[in-house]
J.: 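Would you mind keeping the following structure in view while I ask a few things?
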Amino acid sequence: MIQRNPVLDRIAKYPAEVLQQKKRALLAEGVEVFDFSLGDPIEPTDFGIISAFVESVPQVSQYPTIAGEPAFRQACCQWLSRRFDVTLDADSEVIPASGAKEAIFHLPLSFLDARSERRHVLFGLPAYPVYERGTLFAGGEPWPVALSAENGWLLEPWTLDPQKIAQTAIIWINYPHNPTGATAPRDYLQKLVAFCQEREILLCADECYVDMYFEPPTPLSLLQFAKRGVLTFHSLSKRSGMTGYRSGFIAGDGELIATLKRTRANFGVASTNMVQGAAIAAWKDDEHVEKRRAAFRQKRDVLRAFFDEIEMPYEPCSAGLYIWVRTPGDQDALGFAEKLAEHGIVVSPASFHGIDQPYIRLALVPSLQDCRRAVALWQRLIKEDKL
Ligand SMILES: Cc1ncc(COP(=O)(O)O)c(C=O)c1O
């Protein structure tokens, strides 16, 4: 028998695939589906971005470089400067990524030594699954730690076992947080940077929702506190409605970026020049992002009003793309999600985010009208005692 990577036996099927299978099965049965499961927005990409993509398609298309086009890197730095008032060097402190997912997945290949004691990668749960999976495929040891509402879903390594901290190579944070929408306060980020710098732990911040906020204060970037020992991960997927383009970038410490350039030259992750052309237009413009925020805010408000009405507690969702809602009577999240799915409302249970907590996640993805229709259906199901 041809052997396969044993890591595949350590991990469950990728949650997004499970949910899409469920959705296909419901559609095949003729059930109308309200899909709140995936963070894959349906609002059209801004026309200026589409035009920039088309105009960037060359007659002869040659291999793109790992370092990316200078104009792309400059546009990223200009956005970082406008948005966070930080100055980065476009040549040495920024590198394109084919979406944040691959960048996160591949990161440990550059900074983990699978044979060393110091091969733990710390992250909080619930979480985007890729921090764990990238660690496992690179031969590292994932160190997931449960987060909780009590301390604002903040990952606080100073409260954890110091011996294990000494064996930690990388810490991941993700604020605004998928799935809870929590954001990181200034003093927390300051303390975390100092903690990691003192111990020479690589601190990685997945900031792909940093522009998806609905009310003040606007989310901060780790780059406002430090560059040394820090990398931040950015994406156009949600900010600019470009999930299909696969475009993002990594920024931070120039020495770390140089290491990434070296590793990433070994696999095919360079961003295509036409995607970079579209991305330049996207990072240069903030107006389309404001329109997107307004659209998501309206959907959030419809859902929050409904959960208030039926007295289902939820996390505030002042940023991000999701509402993290507590199940009625703290019932099992998977069972509750299955009951909703039977009637065409697809949400993701906490277990799909790595933890058994009584929460479900709703992505602000269906149209405003469909959010209203889904809420009406949910209301009817309650009245008919089907939930
Ligand atoms: C927390 C988090 N990080 C990264 C990503 C991946 O982003 P991208 O589409 O840029 O690969 C997602 C996508 O949902 C996410 O939720």
Side-chain angles (χ1 to χ4, degrees), residues 14-20 35-43 45 49 68 72 76 79 94-108 121 123-135 144 147 153-155 170-184 204-213 219 221-222 231-251 264 268-272 275-276 278-279 282-283 289 292 296 315 317 319-324 347-348 350 352-355 361-365:
Y14 196 73
E17 280 181 47
V18 176
L19 290 165
Q20 285 315 290
D35 188 357
F36 292 95
S37 67
L38 289 190
D40 197 355
I42 56 168
E43 287 71 18
T45 309
I49 298 172
F72 168 84
C76 297
W79 170 73
V94 171
I95 184 174
S98 293
K101 182 174 184 176
E102 70 79 5
I104 294 165
F105 182 85
H106 290 122
L107 179 99
V121 176
F123 52 90
L125 289 180
Y128 183 58
V130 184
Y131 316 123
E132 178 190 36
R133 291 175 182 215
T135 303
L147 306 176
W153 307 96
L154 296 176
L155 177 66
I170 302 169
I171 295 181
W172 279 105
I173 56 165
N174 165 223
Y175 299 105
H177 183 220
N178 170 9
T180 67
T183 52
C204 292
D206 175 355
E207 298 185 350
C208 76
Y209 295 100
V210 81
D211 260 358
M212 306 309 296
Y213 50 86
S221 170
L222 200 56
L231 290 172
T232 59
F233 294 69
H234 301 275
S235 168
L236 286 174
S237 288
K238 328 284 164 150
R239 176 189 185 271
S240 299
M242 293 172 67
T243 49
Y245 288 72
R246 315 308 304 126
S247 184
F249 69 91
I250 313 169
R264 288 166 66 83
V269 288
S271 187
T272 67
V275 165
Q276 287 184 69
W283 288 119
V289 191
R292 292 175 61 76
F296 292 123
E315 289 304 307
C317 184
L321 192 66
Y322 310 97
I323 304 197
W324 188 238
V347 303
S348 62
F352 284 17
H353 306 276
I355 195 151
R361 188 194 78 172
L362 279 85
L364 303 174
V365 165

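Whatever order the structure lists ligands and atoms in, that order sets their numbers, starting from 1.
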J.: Does Ser237, backbone or side chain, put an N or O under 3.5 Å from an N or O of ligand 1?
T.: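 Yes.
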J.: Among all residues two or more places apart in sequence or in another chain, which pass the side chain to side chain donor-acceptor pair (under 3.5 Å) test with Thr183?
T.: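 Expected list: none.
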J.: Given Tyr131, Tyr128, Phe105, identify the one with the heavy atom nearest to atom 6 (C) of ligand 1.
T.: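 The residue whose heavy atom sits nearest atom 6 (C) of ligand 1 is Tyr128.
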J.: Consider ligand 1: state whether an atom of it lies below 4.0 angstrom from any non-hydrogen atom of Lys238.
T.: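 Under 4.0 Å: yes for Lys238.
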J.: Of all the non-hydrogen atoms in the protein, which one sits nearest to atom 3 (N) of ligand 1, and at what distance?
T.: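 Answer for atom 3 (N) of ligand 1: Asp206 OD2, 2.5 Å.
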J.: Within ligand 1, which atoms have a heavy atom of Ser235 less than 4.0 Å away?
T.: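 Selected atoms, number and element: 8 (P), 10 (O).
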J.: Suppose we measure from atom 7 (O) of ligand 1 to each protein heavy atom; which comes out shortest, and what is that distance?
T.: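 The closest heavy atom on the protein side is Ala100 CB, 3.7 Å.
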J.: Please set out all donor-acceptor pairs under 3.5 angstrom arising from side-chain atoms of residues 97-108, sequence neighbours excluded.
T.:
from, atom 1, to, atom 2, distance (Å)
Ser98, OG, Val269, O, 2.9
Lys101, NZ, Tyr14, OH, 3.4
Glu102, OE1, His106, ND1, 2.9
Glu102, OE1, Arg264, NH1, 3.0
Glu102, OE2, Ser98, N, 2.8
Glu102, OE2, Arg264, NH1, 3.4
Glu102, OE2, Arg264, NH2, 2.7
His106, ND1, Glu102, O, 2.9

J.: Using a strict cut-off of 4.0 Å, indicate which atoms of ligand 1 neighbour a heavy atom of Gly99.
T.: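 Here the atoms of ligand 1 in question are 10 (O), 11 (O).
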J.: Strictly distance-based, threshold 3.5 Å: is any side-chain N or O of Glu315 a donor or acceptor partner for the main-chain N or O of Gly181?
T.: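 No, Glu315 side chain to Gly181 backbone: no donor-acceptor pair under 3.5 Å.
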J.: Is the centre of the Trp283 ring less than 6.0 Å from the centre of the Phe249 ring?
T.: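 For Trp283 and Phe249, the ring centres are under 6.0 Å apart.
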J.: Evaluate the side-chain contact (heavy atoms from CB on, under 4.5 Å) criterion for residues Val121 and Tyr131: first the C-alpha distance (whole Å), next the side-chain angles of each, then the deciding distance (0.1 Å), finally the verdict.
T.: CA-CA 8 Å; Val121 176; Tyr131 316 123; 5.6 Å; no
J.: Just wondering, do Phe352 and Pro129 contact through their side chains at under 4.5 Å, heavy atoms?
T.: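 No, too far: nothing below the 4.5 Å cut-off.
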J.: Ligand 1 versus Ile104, non-hydrogen atoms closer than 4.0 Å: side chain, backbone, both, neither?
T.: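 Near ligand 1, Ile104 shows its side chain, while the N, CA, C and O stay back.
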J.: Check for me whether Thr243 has a heavy atom closer than 4.0 Å to any atom of ligand 1.
T.: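 Distance cut 4.0 Å: Thr243 fails for ligand 1.
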J.: Are Thr232 and Glu207 close enough that a side-chain donor and a side-chain acceptor fall under 3.5 Å?
T.: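 Judged by distance alone, the side chains do not pair up.
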J.: Just go through Trp172, Tyr175, Tyr209, Phe249 and tell me whose heavy atom is the nearest to atom 16 (O) of ligand 1.
T.: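 Considering heavy atoms of Trp172, Tyr175, Tyr209, Phe249, the nearest to atom 16 (O) of ligand 1 sits in Tyr209.
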J.: Purely on distance, is any nitrogen or oxygen of Gly39 under 3.5 Å from one on ligand 1?
T.: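 N/O-N/O distance under 3.5 Å: no.
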J.: Locate the shortest heavy-atom distance separating Ala279 from Phe72; write the atom from each residue and the value.
T.: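 Closest approach of Ala279 to Phe72: CB-CE1, 3.6 Å.
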J.: Is Arg246 close enough to touch ligand 1? Criterion: a residue heavy atom under 4.0 Å from a ligand atom.
T.: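 Contact present.
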J.: If we only consider heavy atoms of Cys208, is any one of them less than 4.0 Å away from an atom in ligand 1?
T.: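 It does; at least one heavy atom falls under 4.0 Å.
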J.: Can you sort out which atoms of ligand 1 are near Asn174, meaning under 4.0 Å from one of its heavy atoms?
T.: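 Numbered from 1, ligand 1 contributes 1 (C).
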J.: Determine the interplanar angle of the His177 and Tyr175 rings, folded into 0 to 90°, and report it as parallel if under 30°, tilted if 30 to 60°, perpendicular if over 60°.
T.: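 Ring orientation of His177 relative to Tyr175: tilted.
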